[in-house]
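Here's the structure we're looking at; comments come further down.
Numbered from 1 within each chain, the chains take letters A, B, ... in sequence-line order.
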Amino acid sequence: MQSLELEAWEPFDLDATLGCGQVFRWENTGGTWTGIVGDRLIRVRQAGRCLFFEGADEAFIRHYFAIDHDLAGILESIDRDPVIHQAIEGCRGLRIIRQPPWECLASYIIATFTNIPSIKRRIGLLCREFGEVNFDEGVPYYSFPGPDRIAGSEECRLRSCSLGYRAPYICRVSNAVRLDRGWADEIRELPFNYARKRLMEFPGVGRKVADCVLLFGFERLEAVPVDVWIERIFREYYLDPGTKVGYERIRQYAQEYFGPYAGYAQEYLFWARESLAKKGRAGPK
DNA sequence: TGCCAGGGCCAAG
DNA sequence: CTTGGCCATGGC
């Protein structure tokens with residue numbers, strides 16, 4: 001196992017970062033996280049400012065976990081009220097990490113209208129069915145399948161991954177992306193709203209999935225995915241009761257209110273969603 | 001067992 | 001541009 005030492009100005013919380021629901025291929029067993037990124041299996045463990053890791057070099061770890069984000073500065077910029085402040089104190093050190101674009105796109109299509117344990121299970125099945133097999137000390141593990149490994153396959157094989165009605169989306173997106181190798185580079189170069197529209201041309205990609213892909217796959221930290229939890233939180237704490245609350249209204253409010261790192265605010269609120277929602281339901285207005 | 005979940009699509013209004 | 005029904009599946 002290698003190790004690296006984080007500096008005092010590099011706050012990082014491995015458990016919050018990998019456990020907050022932004023990635024789906026990491027598991028925590030006894031304090032050590034095991035995940036598959038690309039075709040490698042990585043293990044990471046945190047002890048204070050020290051990170052122990054194997055399966056990748058230090059540069060990869062620092063880049064993947066976005067240790068270069070000025071998180072202290074980002075949190076200071078979004079810490080604008082007691083609600084977000086509580087969320088920040090609950091998981092300070094949570095970082096929005098750099099996911100591979102294709103895996104991110106496919107994963108968040110699979111993530112629609114279901115729950116996080118189910119998402120992880122389905123993605124695991126998809127990888128076992130279509131991914132390339134590698135071995136870690138004799139134990140097989142599977143990479144996230146590239147679009148060409150899925151494209152052209154029978155829809156029923158995707159159905160076997162419990163994808164339900166999302167199966168045709170994954171099939172069609174795989175075909176579309178396979179024929180458009182530069183799609184990610186194209187999106188990377190586009191201004192935010194154009195990149196968003198471009199993503200929404202993919203079948204199975206609406207506003208919410210597009211915002212997730214922009215935030216988690218393209219490092220557009222101003223993106224604010226609005227799922228039912230975020231909508232609930234903004235309804236309860238941020239927007240005047242009785243006003244119309246559509247997706248765009250909430251998203252634009254969040255972006256204006258929290259600024260260029262609104263995506264970080266969204267993720268901290270999402271992490272605190274249960275306590276915030278519970279408090280909202282039980283307590284008086 | 002019924003309700004809910006990191007929604008998108010499509011047809012109507 | 002907004003609304004409502006529908007979609008497969010499994011966790012709780």
task: Classify every nucleotide of nucleotides 7-12 of chain C by which part a protein heavy atom approaches to under 4.0 Å, writing B for the base, S for the sugar-phosphate alone and - for neither, in 5'-to-3' order.
output: BBBBS-
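Ranked by how close their nearest DNA chain B nucleotide is to the 5' end, A:I230 and A:R172 are led by A:I230. Residues A:F270 and A:P203 both approach DNA chain B. Their nearest nucleotides, taken by heavy-atom distance, put A:F270 toward the 5′ side.
Aromatic ring pairs are classed by plane angle as parallel below 30°, tilted from 30° to 60° and perpendicular above 60°; the pair A:Y253 and A:Y257 is parallel. The aromatic rings of A:W26 and A:F65 sit tilted relative to each other, their planes meeting at an angle between 30° and 60°. Under the 30°/60° scheme for interplanar angles, the aromatic rings of A:Y261 and A:Y264 are found to stand perpendicular.
For the pair A:R251 and A:F234, the cation-pi test (distance below 6.0 Å, angle within 45°) is failed. Both tests hold for A:R273 against A:F270: distance to the six-membered ring centre under 6.0 Å, angle to the ring axis within 45°.
Within the structure, every pair that satisfies the salt bridge (Lys or Arg N to Asp or Glu O under 4.0 Å) test and touches residues 99-125 of chain A, not counting sequence neighbours, is listed here: A:E27-A:K120.
Every salt bridge (Lys or Arg N to Asp or Glu O under 4.0 Å) that A:E129 has, sequence neighbours left out, goes to A:R157. Residues satisfying the salt bridge (Lys or Arg N to Asp or Glu O under 4.0 Å) test with A:E222, not counting sequence neighbours, are none.
Once you apply a 4.0 Å limit to the heavy atoms of chain A, the touched nucleotides of DNA chain B run 5' to 3' over B:dA5 to B:dC9.
Residue A:G204 is classed as a sugar-phosphate contact, given heavy-atom separations below 4.0 Å to backbone atoms only. Nucleic acid contact class of A:E267 (heavy atoms, under 4.0 Å, all strands): base.
Where pairing requires Watson-Crick or G-U contacts shorter than 3.5 Å, the helical stems of DNA chain C with at least three consecutive pairs are B:2-5 with C:9-12, B:7-13 with C:1-7.
Alongside A:M1, the hydrophobic cluster contains A:F52 (criterion: ILVMFWY side chains under 4.5 Å). In the hydrophobic clustering, where aliphatic and aromatic side chains (Ile, Leu, Val, Met, Phe, Trp, Tyr) are joined below 4.5 Å either directly or transitively, A:W9 stands alone. Hydrophobic cluster membership for A:I36: A:L41, A:Y141 (Ile, Leu, Val, Met, Phe, Trp, Tyr linked by side-chain heavy atoms under 4.5 Å, directly or transitively). In the hydrophobic clustering (ILVMFWY side chains linked at under 4.5 Å, chained through shared members), A:F135 is joined by A:V133, A:Y142.
Of the residues in residues 220-228 of chain A, not one comes within less than 4.0 Å of DNA chain C through any heavy atom.
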What donor-acceptor contacts under 3.5 angstrom involve side-chain atoms of residues 197-206 of chain A, with partners at least two apart or in another chain?
{"from": "A:R198", "atom 1": "NE", "to": "A:E186", "atom 2": "OE2", "distance (Å)": "3.1"}
{"from": "A:R198", "atom 1": "NH1", "to": "A:E201", "atom 2": "OE1", "distance (Å)": "3.4"}
{"from": "A:R198", "atom 1": "NH2", "to": "A:D180", "atom 2": "OD2", "distance (Å)": "2.9"}

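Comparing C:dT2 with B:dG6, their P atoms sit 25 Å apart, to the nearest whole Å. If you take atom P in B:dT1 and the same atom in C:dA8, they sit 23 Å apart, rounded to whole Å.
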